[in-house]
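The block underneath contains the structure these notes are about, expressed in structure tokens.
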Protein chains: 2
Amino acid sequence: MTKPTSTEPRRALTLRDVSEASGVSEMTVSRVLRNRGDVSAATRERVLQASRALGYVPNKIAGALASQRVNLVGVIIPSMSNMVFPEVMTGISSVLDSTGLQPVVGVTNYLPDREEAVLYEMLSWRPSGVIIAGLEHTAAARAMMGQAGIPIVEIMDIDGQVIDSAVGISHRRAGRQMAEAIIASGYRRIAFMGTQMPNDFRAKKRLDGFEEALRRNGMALVDREFYDGGSALLKGREMTAAVLRRSPDIDFLYYSNDMIGAGGLLYCLDQGIDVPGKVGLAGFNGVELLDGLPRRLATMDACRLEIGQRAAQIIASRNQTTDLGAQVIELFPILQPGDTIRQF
Amino acid sequence: MTKPTSTEPRRALTLRDVSEASGVSEMTVSRVLRNRGDVSAATRERVLQASRALGYVPNKIAGALASQRVNLVGVIIPSMSNMVFPEVMTGISSVLDSTGLQPVVGVTNYLPDREEAVLYEMLSWRPSGVIIAGLEHTAAARAMMGQAGIPIVEIMDIDGQVIDSAVGISHRRAGRQMAEAIIASGYRRIAFMGTQMPNDFRAKKRLDGFEEALRRNGMALVDREFYDGGSALLKGREMTAAVLRRSPDIDFLYYSNDMIGAGGLLYCLDQGIDVPGKVGLAGFNGVELLDGLPRRLATMDACRLEIGQRAAQIIASRNQTTDLGAQVIELFPILQPGDTIRQF
DNA sequence: TCAGGCTCCGTTAGCGGTAACATAGCGCAA
DNA sequence: TTGCGCTATGTTACCGCTAACGGAGCCTGA
């Protein structure tokens with residue numbers, strides 16, 4: 001099985017092989033394969049035939065070096081496994097697909113040093129642009145992005161200093177809005193549950209905004225609980241159980257994301273708790289999963305699809321004559337009350 | 001905002017800039033930055049300082065062309081948003097991280113033509129290896145992989161013809177096993193629910209194996225239902241409702257994946273159906289999500305983490321002296337009965 | 001004292017394409 | 001017939017880096 005088959009070439013194919021097989025110069029082959037410049041129909045056909053027959057695959061490394069152009073866009077995100085970034089990617093791809101640009105993903109696991117390393121690696125391939133989640137980066141990462149000479153779009157968040165362009169929502173405001181809606185519905189004894197991660201700056205900003213709004217209304221969080229790793233749904237159950245045991249008079253549970261919120265909702269329903277009468281719940285993100293729950297969790301959609309699309313549009317335009325220039329785009333999430341907040 | 005800042009260089013930095021700034025040859029700078037060859041500690045320090053001060057980022061395109069080596073491994077998967085591939089990626093990364101190799105992901109959305117295009121694009125960057133989901137590919141894709149002269153590992157499935165190496169489970173056998181367990185538990189009127197996708201070959205193989213085992217026991221599926229797009233959890237609810245309405249005497253619901261199975265489970269519990277007494281349920285994949293459900297759904301874990309790890313090990317070893325050679329590794333999924341199959 | 005073997009660093013020649021320019025061949029109007 | 005302009009193709013010079021080799025300077029032991 002390890003022996004090369006008879007069809008396996010001893011040496012990788014190059015333009016020269018195709019040019020010899022079709023009797024034209026390498027340059028002409030190059031023109032045919034890139035659809036660039038004038039080539040007669042007859043020659044084109046001959047070249048394509050030879051290329052296909054040989055199974056030639058162009059070497060983009062050489063091509064990129066010679067042309068100083070790379071059709072890659074680096075996308076740097078904290079995680080792939082939480083339902084939020086796959087949708088951002090969908091948005092990015094939907095726009096990039098029609099431009100010849102191609103996304104390349106790097107994952108940081110919410111670690112700033114890892115983000116820096118991933119960024120360095122990406123920039124070393126000289127991409128046409130970078131889309132990166134968040135506004136918080138190491139000093140070195142900021143410097144690299146500033147120097148890179150390519151469009152940089154920071155996504156998801158706009159509460160902070162932008163390097164070049166940004167597309168996102170204000171998480172602080174989102175937290176405030178949710179708090180105000182909860183208070184307006186008459187809830188008074190509110191608990192918070194979220195991730196332990198010190199580097200999830202957006203979750204932190206939401207909580208900041210949330211608490212600020214509580215304070216303005218003369219209130220404060222009655223209880224809070226953090227988790228770290230494991231199945232979010234299960235953690236949501238466990239934290240909710242712990243909080244309700246510890247503080248039985250709680251009347252609202254605010255979750256930093258929908259997954260743990262869903263776990264909490266399932267727990268409350270299991271326990272026969274009156275939702276939203278006795279206890280209200282809310283999460284954040286507006287993930288599709290919620291549609292299948294027994295009751296629709298209150299949440300705020302984070303505009304993930306549109307964020308991806310807008311970011312990709314900015315990158316794409318900068319590689320064209322229709323350059324949109326650097327810009328900061330704020331999107332506005334919509335509160336979806338679902339069935340877990342009292343309505344009047 | 002579109003004006004270049006003062007720190008932005010007019011021209012991209014090259015090794016020459018660093019070499020001039022540190023007073024040594026480009027070759028020496030190259031050696032320092034790659035940690036290769038002998039350089040005195042003093043010189044090394046000087047070069048690193050200059051490099052950092054300038055904010056130099058090496059050009060891997062030029063490096064790869066000159067050295068004929070690329071530290072990239074292409075990973076081609078059908079989807080990123082279904083909980084199964086993120087875990088495979090985790091396995092791949094965990095192994096590759098210590099090797100200097102780096103995964104680059106491409107997504108096909110279960111479309112063979114798209115897979116071919118993604119593969120072509122990847123091979124044009126001359127990666128050190130390719131990990132690709134499934135054994136079914138277009139003729140052109142198979143030819144490309146055969147010619148590429150790099151290690152190719154097909155993952156997830158081993159029921160079919162392997163190009164080079166493979167790591168996976170037998171989905172046909174998995175389907176059979178589940179059917180046998182269900183029958184052994186005394187269920188007799190079984191329905192199936194799954195995706196409509198004609199190109200999800202692994203789901204199809206599971207169903208084939210499942211039906212084959214039923215036939216051998218003189219049985220056949222009583223009902224079946226397929227879905228397409230949308231929230232899997234919600235579709236699971238809807239399909240389950242439809243099936244139970246249409247065939248009220250059903251006593252077992254077999255789902256092609258855990259997500260729709262979870263939706264079905266939630267529906268049954270909502271309806272007050274006795275699970276697993278009156279109706280049993282089972283899914284496939286062993287996703288973490290299930291831990292947070294009110295009841296643990298019966299499932300089979302697909303060895304996703306280990307598949308990723310083993311595949312990465314094969315690629316890594318082929319780039320070393322410890323070459324493992326081409327191989328086909330079969331993994332064996334374990335049936336997790338959970339709480340939705342009657343136990344005796 | 002000097003051959004031999006280090007350590008450290010420089011020089012040369014590509015890697016496989018593409019931009020930019022050069023040129024051959026042709027049709028056609030004057 | 002000449003010359004202009006066009007189309008179709010070839011030639012040349014890199015792109016930024018690294019493999020391979022070369023060689024200067026120094027240390028060592030006989």
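In this text the structure is predicted, and so the values were computed from the model without any measurement. Letters A, B, ... mirror the listed sequences (proteins, then strands); counts begin at 1.
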For [X] versus [Y], what's the shortest heavy-atom pair and its separation?
X	Y	value
A/Pro78	A/Val107	O-CG1, 3.5 Å
B/Pro86	A/Met80	CG-O, 4.2 Å
B/Ile163	B/Glu154	N-OE1, 2.7 Å
B/Ile131	B/Ala311	CD1-CB, 4.0 Å

Q | CZ (B/Arg16) with more than 12 external heavy atoms under 6.0 Å | A |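 For B/Arg16, atom CZ is not crowded (no more than 12 foreign heavy atoms under 6.0 Å).
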
Within the 3.5 Å criterion, strictly below it, is a donor on [X] or [Y] matched to an acceptor on the partner's side chain?
X	Y	result
B/Ser93	B/Thr90	no
B/Ser165	B/Gln327	no
A/Thr138	A/Arg142	no
B/Glu115	B/His137	yes

Q. If you pin B/Arg46 and A/Val29 to their nearest nucleotides in DNA chain C, which one's is more 5'?
A.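 Looking at the nearest nucleotide for each, B/Arg46 comes out on the 5' side.
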
Q. For the helix from C/dT1-D/dA30 to C/dA30-D/dT1, what angle lies between the axis at the first five pairs and the axis at the last five pairs, to 10 degrees?
A.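 For the helix from C/dT1-D/dA30 to C/dA30-D/dT1, the axes at either end differ by 50°.
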
(Q) Under 4.0 Å, heavy atom to any atom of DNA chain C: which of residues 33-40 of chain B qualify? (A)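 Result for residues 33-40 of chain B: B/Asp38, B/Val39, B/Ser40, sorted by number.
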
Q) Would a 4.5 Å heavy-atom cut-off, applied to side chains only, mark B/Phe85 and B/Met156 as touching? A)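 Yes, their side chains come closer than 4.5 Å.
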
OP1 or OP2 of [N] less than 4.0 angstrom from a side-chain nitrogen or oxygen of [X], does that happen here?
X	N	result
B/Arg69	D/dA19	yes
B/Arg126	C/dG16	no
B/Tyr56	D/dG16	no

Just the rounded figure in Å: distance from [atom2] of [N] to [atom1] of [X].
X	N	atom1	atom2	result
A/Ile61	C/dG16	CD1	P	10 Å
A/Leu15	D/dC15	CG	C1'	15 Å
A/Asp17	C/dG17	CG	P	9 Å
A/Asn59	C/dG16	CG	C1'	6 Å

Sort me out a list of protein N/O and nucleotides 11-15 of chain C N/O pairs below 3.5 Å, or just none if empty.
from   : atom 1 : to      : atom 2 : distance (Å)
C/dC15 : O3'    : B/Gln68 : NE2    : 3.1
C/dC15 : O2     : B/Leu65 : O      : 3.4
C/dC15 : O2     : B/Ala66 : N      : 3.2

**Q.** Atom pair CZ (B/Arg44) and OG1 (B/Thr28), whose distance is rounded to the nearest 0.5 Å
**A.**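 Between B/Arg44 CZ and B/Thr28 OG1, I get 11.0 Å after rounding to 0.5 Å.
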
